Each structure stands twice: as C-alpha cells, then as structure tokens.
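A short worksheet on the structure shown next.
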Amino acid sequence: MARLSPPSPAAAGPAKRSARPAPKPPEAAGSGHTPPPGWHARIDPAPLLPEPEPYRLLGTPAARDLDPALLRRLYEELVRGRRYNRQATALTQQGRLAVYPSSTGQEACQVAAALALRPQDWLFPSYRDTLAVVARGVDPVQALTLLRGDWHTGYDPRARHVAPLCTPLATQLPHAVGLAHAARLAGDDTVALAMVGDGGTSEGDFHEALNFAAVWRAPVVFLIQNNGFAISVPLEKQTAAPSLAHKAVGYGMPGRLVDGNDAPAVHQVLTEAIERAAAGGGPTLVEAVTYRIDAHTNADDATRYRDAAEVEAWCAHDPIDLLERELRDRNLIDDAESKAVADGAEALAARLREEMNADPVLDPMELFDHVYAEQTTQLREQAAQLRAELDAEEDR
Amino acid sequence: MSTATAPASAPATRKPATMAQALRQALRDALADDPHVHVMGEDVGTLGGVFRITDGLTKEFGPDRVTDTPLAEAGILGTAVGMAMYGLRPVVEMQFDAFAYPALEQLISHVARMRNRTRGAMPLPITIRIPYGGGIGGVEHHSDSSEAYYLHTPGLHVVTPATVADAYGLLRASIASDDPVVFLEPKRLYWSKADWSSDAPQSVPPLGRAVVRRTGRSATLITYGPSLPVCLEAAEAGRQEGWELEVVDLRSLVPFDDETVCASVRRTGRAVVVHESSGFGGAGAEIAARVTERCFHHLEAPVLRVAGFDIPYPPPMLERYHLPGVDRVLDAVARLQWEVN
Amino acid sequence: MSVKSTAARSSRGGAKRRGGAGRKPELVQLLTPEGERVEHSEYSIDLTPEELRGLYRDMVFTRRFDGEAVTLQRQGELGLWASLLGQEAAQIGSGRATRPDDYVFPTYREHGVAWTRGVDPLNLLGMFRGVNNGGWDPNQNNFHLYTIVIGSQALHATGYAMGAAKDGSDSAVIAYFGDGASSQGDVAEAFTFAAVYNAPVVFFCQNNQWAISEPTERQSRVPIYQRSAGFGFPGVRVDGNDVLAVLAVTRAALEHARSGEGPMLVEAFTYRMGAHTTSDDATRYRLDEETAEWAAKDPIARLKTYLANEGLADEAFFAEVEAESDALAKRVREGVRAMPNPDPMAIFDNIYADGHALVDEERAQFAAYQAQFEGSEEGAAR
C-alpha cells in the first residue's frame, strides 16, 4: 500500500509535460498489495476540510484584536447596505424598479466581500449582490440599471473591476476562473472573487468552474452565500453534502466555513483566501452561513414555505446588531457616531429615491447598438424601420 | 484587417494543401501575431486535436497558449468568457458539433450578449471552432449540422468556410473580429485540397461577404460549407440538361450578404438553397424568405430548398440518403417551373 | 407507484460510511498482479472454483471479441471501434455484481458489461458498423444503449434509480463513466440529485488514466473517488484490474444502494491498453514504458496464475476457453459480414409516436425519388 505523500509541486502546477514521466519501478513482487503503476497519492485531503462549525470572531476573545478602523468601516457599510435594500424594495412597490432581490440579512457577506478585495482584483456578482457592487464603489444608481430595466448593465465593468450582475445561476463562476487564469498567465497580481448562492452550487457550471480553477490553480475565491433557500427550496433539498464548503475537498482546494453574519469573520476568511490565491496557492471555496430575511424577491411570498419562528431566530443573529454590540462593548462607537452613520445611510436612500423617481431617458434606437462591433446591414434596415415607426407616431 | 495580408515581397509558391493545414496555419499565424490569442479545448495540446488541426501548436507556443482543458464544454466556454473579459482573445475548440451543446447556455446567455449588456464596454472576442456536418461515417452525435441554433442568436457571427483559402482567411478574420464568432468547420472538407500557399496566404475576406463561385444564368444555387462541392458538381452536371447554374457560397450566415445573394437571384430569376441540416426552421428557411421578400418580382418560381430530412441524424450507413446529393439538387432545379417558360 | 418510506431511504450510511475525504487514499485489492489472494479489512469475497473459472471465461471471451472487433475495423467491416483492452476485470467484475433486475447505463466502451448482461456481442457491432444507433432493446437485458455524449447517462441512471426507489423496488442502477466524464457538469448534477434523493445508484467510474490524450491530472486535482465526499456520499477506489476486488466492491456498493443507503461512487483504477478508438493514435501522447508496466498488471493473467497455482483449473480448461473464444470470434466475424445493409426507408421510423405530417410527406417524397433510380447503375442517387 502506497502511503500518503505530501502534495508534490509537479501535481500542484499545471502539467507542462507532453507525456507522463516514466513511471517508478514497481515494488518487489510478493509485497502483497501492489498498487497499479499510475497510482500515487496526490493531495492530502485532510487540510482541505472546512471548519467543523462556522468560523466566528464577534463574541469571541479574538475579536479584541480586530482593527477598530476596519470594524467602523464595516459597520458603516452594513448600515448603508441595509438602508439601500429597504429603499430599493420600496422602489419596487412604487413601480420604479421592475424587481429587487434583497440581501437583507446578508449584508455582512456583501460588504466583507467588497472590502476584502484589492483595487486590482475583480468581483463577479450574481443578481442578489448589488450591495457588494455598491460597496466596491460602483455608483448606487447605476448598480440598479438591470433591475430598473432601462438596460442590462448600468456601469462599465472595467472601471471598478466589477463584472455585470449575472442572472443565470452559477454561470459567472467559470468567467471568474477564466479571468483569474488570464491574469495569472499575464503575470498580474489579480484575484477574482465570485459570488454564488446555495442553489447555484447544484449547477453543472459550479462543478466545472471549481474543477477548472483547481486544475489550473487559478487565483480565484468562490464565496457561497448559503442563505438557506433557493427561492422556496431549503438547503436539505438542495444537497446532501456535509456542508457546501465540503464540496471543495472533492476538487482539491480548501473549503472554509464561516458565520456569514459575522462581518469581520467573513472579511478575515476572504482576505486570507485572496492572499493565498495571490501568492500562487490556488483557489478557495468559502461557505458563509447566512439567511435571506426577505423573500426571494418582492414578487415572492416567503410565508408559503417557511415559519416565522425561523426568521425570528435569524433576526436575533443580525449582522448589524452583532457588530454594533462589539463596537459598543469596546467603546468604539457612541450615539453621535451611530447617528452620523444612520444619517449617511438616509442621505443615500434620499438620493436613490430622487434619482429613481425621475423617469429614465430611453433611446429606442440604442437597441441596435452594441449588438455587433459594427451594425450589420440587417440591423441598419431594422433600425430604419423603427425610426420610421417612431416618426410616424410623433406625427400622429 | 491587415494581419493576414501577404507581404508584398514574399514569392508565393502555391502547392496542394488541405483545409486542415490551412486552418492550422491560420491558428499558428494568429498565435504568432498576437500574444493575446489563446487556443483551448479537449485534446488540443499533446494530441493536436482529434482532427489534428492544432497539431504541433502546443510545442511551438507552450501549454499556456495552447491548453488541454478538462472534459467540460460549459467550463471551456465559460472560462474563455473570463479570459476575454481580461483582454485575451480565446480560440475555443469544441471537439464535435453535438458535444458543443453543454456550452449553449454560456454561448446564448453570455457570449452573444456581453457586449450588449455592457453597452459596448465589454466585447468578447472569442472564436468558437466547431467541426460540423456529416459525410464522414461518424457514429451518433458526430455529424450534426447545428448552424440554425447559432444563427438564431443575435450577437454571434456564424461563419463557415468551404475552400482551403477561405478556411485560412475566414479563421484569421474571425479571430481578429471583436465579436464572438461561431466558426463551423465542415469536417468532410478537412482533407479537401487546393493549390494554396501558406507563405503568402491571400488577404482575408471580411466577414459577411458571400462569393459567386460559378456564374450562370439559369438559376442560382445558394449554399455554404460542406454543400458547396455538391452544388459545384451539380452545376457541372446541369450543363447536360442545358442549365447554366450560378453557385453562391455564403461563407457567413451571420452577417448575411443580402446584396450578393439578391443580385444573383435577380439575374437568374430562380433559386435553390442547399444545406445538409434539417430543412424545417433551418438556414434555408431564412434565406428563402429573404430572397422572396427582396426579389419577388424577379422570381420565375418559388425559392426551393434542398436540405436534410427532418429526422434525427441517421446512422452512418444511412447518411447518404439523408444528405443532399447532386441528384437531389438537380431534381429541385428541374422543379423550378421551367415548363411555364 | 408505492412510495418507499423516505425515512428508510434517508438513513445515510452512518457508521457504515466508507471512503470519504478525511481518509487516506487506499485501493481495494484482493488479487495481486502476481496472482496472490490477499485480504482486505472491509471487502471480502468467497467464490466457488466454478465461479472463479466463470470470471476467467468472461474476461477471455470479452478480450477475444474486442480484439476481433479491432481487426474487423482494420478490415473495413466496422467504421470505428472503442477497445476495452485492459479493462476486462473492471467490466466483468462490476457487471457480474449486478442482478438481472438491476439496470445498467453504459458508455460506448462497456462491451464486457454487455456480455455479463447477456447482450449478444454481435448486436454491439451494429452502431460501429453504422447500420443503426444501437442494435438492442434496452429493456430486454436492462442494459441501456451505448451513450456517446460524455457523462449524460449519469443523469439518466440517477433518474431511473429515483423511479425505482419510488416504485419501492429494491433494484439498483449502475452508471458507467470515465475519468474524463468526471469533469462534466452533468456528472456533478447527477451526484447532487442522487445524494439529495438518496437514489439507489452506483456511479462506476473506470479511471483508465486517459481521456483521449489527456491524463487524469488534467481533469482533476484529487483522486476521483474523493469527489463524492463533497456531495455527501461515500467513494471507494478499487484495483480495476483485479476482478475479485471489483466484484466485491461493486456488490457491496449495489447492496448499499438497494438497501436504502443511497448512492456510492466506485473508482476502478485501470488502464486503457489500446488507443481511445481505432481512429486514435496513443503513441502521440503516452510512453511505451507506461503501457508496458500496466501490461504487467494484466487482469486476465493474474487470475489465470491464481487458478493454476491453486489447482482450480487445468490446462484442458484453459484450452477449452481458448477454443470457445475462437468460436465466438468466428461467429462475430461471420455475423458482421453477413449483416444486411439497412433499409433506407428506416430513417423515417421511430421519430414521433404517431407519425408526423412533415416526416410522412418527406418519406413519400423520398420513396418516389428513390424509385427513379431503380435499375440504374448504382441503384441510388449521387
């Protein structure tokens, strides 16, 4: 029986040989169990296993060592984020947004993901990750373009290194892997962080992305926000895995399990994963255990599939409360500062209200732009047709 | 598009070359000219691809530029999207037509519309090479003609060469294009030969330009890819019947060259569209409709289609009954209401 | 359909859980390449001499038939052949572990498994000759048609197993796939569904080291059997060239499945001695030394040594098997050559349940068109 050997550099890097090296000579006959020739232990799975329970900082002694400036920053963003979610949901009720998938309850994941990234890194959000996009510095109004419906993406992805909000589940994960791989080929110090939900982990693209990332050792971090539900389907109907973080082990990358409502803990775990990726250590899968306090979107009714008691239990584990308690205990924030943060969030909400209440300026002729680098003959003909229809409408 | 234009000084020694060689040369030149070009796919490295199109390229450019990927088509195309987002110009190989289907979601939901979603900020210059079509005796899932799925997806170019020179030129143009291109390689023409010089390949035709391969005044055969040789043969055979058949090779299904096609049909007054994929909802339906809309008053007869039957692709020993052949093309020409003249 | 209690089906292994990511990689082996019987702590087997001889016979027949198919391809009688050479133990051992009521979902290389299911080898050749897309009725032997699209049958098998469980039957399902297929999204989705629904399915991965030209390390960073741990079901690696170990492990996995313990992944560690198919040239990507070393681990040779050393079979037996396998090869050879060309009109059959106006019209047109060429030189259109 061959014993476990430490991961060899040859197994770690992308294979660079055109054929396998000559195999080692077989063990002497009569040794009993002789492994087949190609067989060798490649990676010790034990160090890849996630924490047995979600990693936490708040409420533990380790929290005392946290940087006060970081805690204040996280707090401010959490409060802004919650207010943003509330305002955006209100805008759907006023017909100003087509739909809004709220991340209330998940603000710690959103904010920590954005703050853990360095400027040169890339964020690959899903449609529920508007807060992360805004916390990364994208204009809060532009971030809502998709959900307002005046275009599919309202910001230039290259400006802040934020990919468009992605709707088809998990399809953004291979993009993140490809981008990270390309950056590594270019010798750039760039990491991609891709966000996905618990439901998204069942998609084939999740599997292919993790496998490509592991085989290529791409500098990418996968953040699963396990918010308990894929619309109405709870996690136990979604997967039989010990935890979603465990899935990492089957691909040969470390899995981390973190309390998704503990903003400094999520920030720390993601920062470590980003540093590991940047240092050539390859990808990490992080599962943040959190809860979707609101329904899937404003169009969904969560009371049809879950108990109020469950929601209440999670409300008692609120990311803002958890962090605020720490700040108060350490006298890092007082009432005046707390009010200033709340006022800042109100100002953001007021700006959202104001700008979103103005009708968007739509140019129907833009429909024919950006389909191809140059308009095809057929599109020019169709644009002329629409122009004529619009002109006729105006004349009426 | 100057990248592939022959240097003026190079003396061109034209000798027989296969379409496979021309495609390989196009990839080699693209890799050499532009460090952003990356080739990736299943078995494209050490093996050189199952059709040997990438033979020797990984040795020449290294495994980081010509990369063997895991066996996962959605993963291949999905990671190519990210690589293109970072500024690379990936050239992806799907091993066979039917094996590209797992990547359809990435293709339709992302590749085709990323430019549009981002208002032009993030174009994806990805070339997706797909060997397609039948006629090589392939077992199930190795002979599909999948062009209709792609040409119905706005945002994609759909290109298919039918000659050795075009294989080179169109592939260079596709890789150079800032739009995603589905590049369909007629696999039964991989070993077709023509006099061609790899030292001085002719300049690259722009995408979206059809070409008249044979002139005639009786009727126009509109075709592309693997059906071009069939149509040329039919045109030759048609002379015995007294027909002078014009043959138009579309080369690009998207963008579509209405001008060349309609000019020809207006001259001849009759048209037959020939392709091997199933007729119902196929490229021929679109072409016939366009020609009818634009040339109605020049037409002496309805535009006819000669296409594969509307059946799942048959087993190899039966494929010759499915694929449009010379006689079936001539049969259609005979039905173009000659008797009313 | 009677629904078996979910409680019974959802007891997930518990103490019996095998493999898993926390354990050191190990390889179940019961018969060494040198032909020595060894014991394993978790898997054991006790076969009668007749059963052992039967396994030997199966493997020899399969290899002989497979070799004959390669020859037939070289002679132009087949368009293509995907040889299983080297994988006889993985296929015979796993195939013989199934019960008649179990259902098998093969790839296109499962000729040995087909043999154990009672599919006539001649029937396997139809699709490789090009006369059909699979020449047998899947329900006759509970052996599905060969699946060429990589990995998609893993989902079919999972769905079939979910159906069997809902029916309350204790039949199990086995899905075959290769190391390359483990990268496919479909396989991951099958793992997820099988685990969530606790479906009675065994995922049998023959890791033959090569996905056409790509070695396993380009597919995965971890041994494939460890993949299942992330989905919440056990995985085990077995010496795929050891027919006894494969039989023991697959039996256990099927038992695990049929007793309501849910899916299991079996990675049979073996080697594709031939090229990917007759269209492939393996010398372009792998070294002779590697092939030579695997040849020394031959599945048939080790069982033969064991049978001979233990006095379980004599020369007369080996000669008889040889003669019988030659007869099988002859029957296959003659059968293929006598295989009738298919009827062109058959391409319009079995497309829709009750006919279809468009197809019916095309069938009529085609019949009339073909009639024009009757009596002409080739009797068919150009």
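Quick note on labels: first sequence line is chain A, next is B, and so on, each numbered from 1. These numbers come from a predicted model, not from an experiment.
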Against chain A, label B/E73 side chain, backbone, both or neither, depending on which of its atoms sit under 4.5 Å from a heavy atom there. backbone

Comparing A/P174, A/P164, A/A218, A/P157 against chain B, the one with the most heavy-atom pairs below 4.5 Å turns out to be A/P174

What pair of heavy atoms forms the shortest contact from B/R117 to A/L165, and how long is it? NH2-O, 2.8 Å

Of all heavy-atom pairs between B/R290 and A/E381, which one has the smallest distance, and what is that distance? NH2-OE1, 4.4 Å

Fit a plane to each ring of A/H175 and B/H110, take the angle between them on a 0 to 90° scale, and name the class: parallel (under 30°), tilted (30 to 60°) or perpendicular (over 60°). perpendicular

Quick check for you: to the nearest 0.5 Å, what is the distance between B/M122 atom CE and A/T153 atom OG1? 9.5 Å

Pair count under 4.5 Å, heavy atoms only, with chain A: among B/P180, B/P35, B/P255, B/A74, highest is B/A74

Can you tell me how far NE2 of A/H152 sits from CE of B/M114, rounded to the nearest 0.5 angstrom? 12.0 Å

Count the heavy atoms of every other residue, nucleotide or ligand shown that sit under 6.0 Å from OH of B/Y149, and state whether that count exceeds 12. no

Could you measure the distance from the CG atom of B/N116 to the CH2 atom of A/W151? Nearest 0.5 Å is fine. 5.0 Å

In terms of heavy-atom contacts, A/W216 and B/T67 come closest through NE1-CG2, 4.1 Å

Minimum heavy-atom separation for B/G75 to A/F212, with atom names? C-CZ, 3.5 Å

Shortest non-hydrogen pair, A/Y372 vs B/D179, comes out as CB-OD2, 3.3 Å

Hey, what do you get for OG (B/S177) to CD (A/E374), rounding to the nearest 0.5 Å? 9.0 Å

Please classify the contact of A/A183 with chain B as side chain, backbone, both or neither, using a heavy-atom distance under 4.5 Å. both

A/D205 and B/E105, any side-chain heavy atoms less than 4.5 Å apart: yes

Counting only heavy atoms closer than 4.5 Å, note whether B/S109 contacts chain A via side chain, backbone, both or neither. side chain

Working to the nearest 0.5 Å, report the span between CG of B/L88 and NE2 of A/H181. 8.5 Å

Can you tell which part of A/Y155 gets under 4.5 Å to a heavy atom of chain B, answering side chain, backbone, both or neither? neither

Please classify the contact between A/T376 and chain B as side chain, backbone, both or neither, with a heavy-atom cut-off of under 4.5 Å. side chain

First locate atom OG1 of B/T79, then atom CG of A/N211, and finally report the distance between them rounded to the nearest 0.5 Å. 11.0 Å

Heavy-atom cut-off 4.5 Å, strictly under: side chain, backbone, both or neither for A/E203 against chain B? neither

Max heavy-atom pairs within cutoff under 4.5 Å with chain A, candidates B/L156, B/T58, B/D178, goes to B/L156

When only pairs under 4.5 Å are counted, which of B/R113, B/M83, B/R115 shares the most heavy-atom pairs with chain A? B/R115

Indicate yes or no: at least one non-hydrogen side-chain atom of A/T171 is less than 4.5 angstrom from one of B/Q106. yes

B/H38 versus chain A, heavy atoms under 4.5 Å apart: side chain, backbone, both or neither? side chain

Option that, when pairs with chain B are counted at under 4.5 Å, heavy atom only, ranks first among A/L146, A/T145, A/D188: A/D188

Taking all atoms of both residues into account, what is the closest heavy-atom pair of B/M85 and A/A163, and its distance? CE-CB, 3.7 Å

